[in-house]
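First up is the structure itself, then whatever we jot down about it.
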Amino acid sequence: MERVLFDTNIILDVALKRMPHFELASELFEMIDRNKVTGHVTASTITDIYYISKKQKGHKSAIAFISSLIEILDVIGVDKETIINALRMDLKDFEDSIQVSAAQYYKLDCIITRNKADFEQSYLKVFTPKEYLFHIRG
């Protein structure tokens, strides 16, 4: 079973039902339900999800979503070593560097994002939701 890291944008597509991205993101979560993949997010992604969701849907809705999210996905840590490794990376966005560093530390198989260009310098495989669904279904 592949172990994947979901970028913040994928989780927000589900949380905020952002069309047209919601449908593919929902299919990814169905793969988790069917035990085809194990989904992960970084601890720092959780705070980003809360902040953005709260602005659009309010505190209670954001907390309810995160509560259900952590029942489905594993939350991986971001510690000093993760941050030091992220600082050494040559990615444009520090937040993305944190995610790559954490995914590498936890030996995840890939990252799923809608913004592959943000992860061009990553040593991990990076897929869009559509590409990953094609990949996993063979």
Practice problem: Kindly indicate whether the side chain of Leu73, heavy atoms from C-beta on, has any atom under 4.5 Å from the side chain of Ile11. | Solution: yes
Quiz item: How many angstroms lie between atom CG of Asp96 and atom OG1 of Thr113, to the nearest 0.5 angstrom?
Solution: 7.0 Å
Quiz item: How many angstroms lie between NZ in Lys130 and CD in Glu27, if you round to the nearest 0.5 Å?
Solution: 10.5 Å
Practice problem: Decide yes or no for Ile83 and Phe94: does some side-chain heavy atom of the first lie under 4.5 Å from some side-chain heavy atom of the second? | Solution: yes
Quiz prompt | Taking every non-hydrogen atom, the tightest pair across Asn9 and Arg114 | solution = OD1-N, 3.2 Å
Quiz item: Do Leu16 and Ile52 pass the side-chain contact (heavy atoms from CB on, under 4.5 Å) test, and can you show the C-alpha distance, the side-chain angles, and the key distance before you say yes or no?
Solution: CA-CA 9 Å; Leu16 303 175; Ile52 295 166; 4.1 Å; yes
Exercise. Could you tell me whether Asp13 and Arg18 make a salt bridge, using a distance below 4.0 angstrom between a side-chain N and a carboxylate O?
Key: yes
Quiz item: Is the shortest heavy-atom distance from the side chain of Leu124 to the side chain of Cys110 under 4.5 Å?
Solution: no
Quiz item: Between Phe29 and Phe6, how do the two ring planes meet: parallel, tilted or perpendicular, split at 30° and 60°?
Solution: parallel
Self-check item: Approximate separation, where rounding is to 0.5 Å, of Tyr123 OH and Met89 CE
Solution: 8.5 Å
Quiz item: If you draw a 6.0 Å radius around OH in Tyr105, do more than 12 non-hydrogen atoms from other residues or ligands fall strictly inside?
Solution: no
Quiz item: Ile46 and Val14: same hydrophobic cluster, using ILVMFWY side-chain contacts below 4.5 Å?
Solution: yes
Quiz item: So do His21 and Leu12 actually touch side chain to side chain, heavy atoms under 4.5 Å?
Solution: no
Exercise. With sequence neighbours left out, write down each residue that passes salt bridge (charged side-chain N to carboxylate O under 4.0 Å, His left out) with Asp7, or none if nothing qualifies.
Key: none
Quiz prompt | Transitive ILVMFWY side-chain link Ile72 to Ile136, under 4.5 Å | solution = yes
Practice problem: Output all residues satisfying salt bridge (charged side-chain N to carboxylate O under 4.0 Å, His left out) with Glu81, sequence neighbours left out; order by chain, then residue number. | Solution: none
Exercise. Working to the nearest 0.5 Å, report the span between CG of Asp109 and CZ of Phe127.
Key: 9.5 Å
Quiz prompt | Within 6.0 Å of CD in Glu23, more than 12 heavy atoms from elsewhere | solution = no
Exercise. Any chance you could measure Met1, atom CE, to Met31, atom CE, to the nearest 0.5 Å?
Key: 12.5 Å
Quiz item: When you check the side-chain N and O atoms of Thr82 and Asn85, is any donor under 3.5 Å from an acceptor?
Solution: no
Practice problem: Please assess Tyr106 against His40 for the test side-chain contact (heavy atoms from CB on, under 4.5 Å), listing each intermediate value before the final yes or no. | Solution: CA-CA 10 Å; Tyr106 285 93; His40 301 77; over 6 Å; no
Practice problem: I would like to know whether Phe22 and Met19 meet side-chain contact (heavy atoms from CB on, under 4.5 Å); could you show each step before the answer? | Solution: CA-CA 5 Å; Phe22 174 75; Met19 295 297 182; 3.8 Å; yes
Practice problem: Determine, using the 4.5 Å side-chain heavy-atom cutoff (strictly less than), whether Val37 and Leu5 are members of one ILVMFWY cluster. | Solution: no
Quiz prompt | Heavy-atom closest contact (Ala102 atom, Gly77 atom, distance) | solution = CB-O, 4.0 Å
Quiz item: CD1/Ile49 to CZ/Phe65 distance, rounded to the nearest 0.5 angstrom?
Solution: 6.0 Å
Self-check item: ILVMFWY network linking Ile10 to Tyr50, side-chain heavy atoms under 4.5 angstrom
Solution: yes
Practice problem: Please check if Val100 and Ile112 belong to a single hydrophobic cluster, counting links between Ile, Leu, Val, Met, Phe, Trp and Tyr side chain heavy atoms closer than 4.5 Å. | Solution: no
Practice problem: List the atom of Lys57, the atom of Ser61, and the distance in Å for their closest heavy-atom pair. | Solution: O-CB, 3.4 Å
Quiz item: For the residue pair Ile98 and Ser44, what are the closest heavy atoms and their distance?
Solution: CG2-OG, 3.8 Å
Exercise. Dump the intermediate steps for side-chain contact (heavy atoms from CB on, under 4.5 Å) on Leu108 and Ile76, then the final yes or no.
Key: CA-CA 10 Å; Leu108 302 185; Ile76 60 175; 4.0 Å; yes
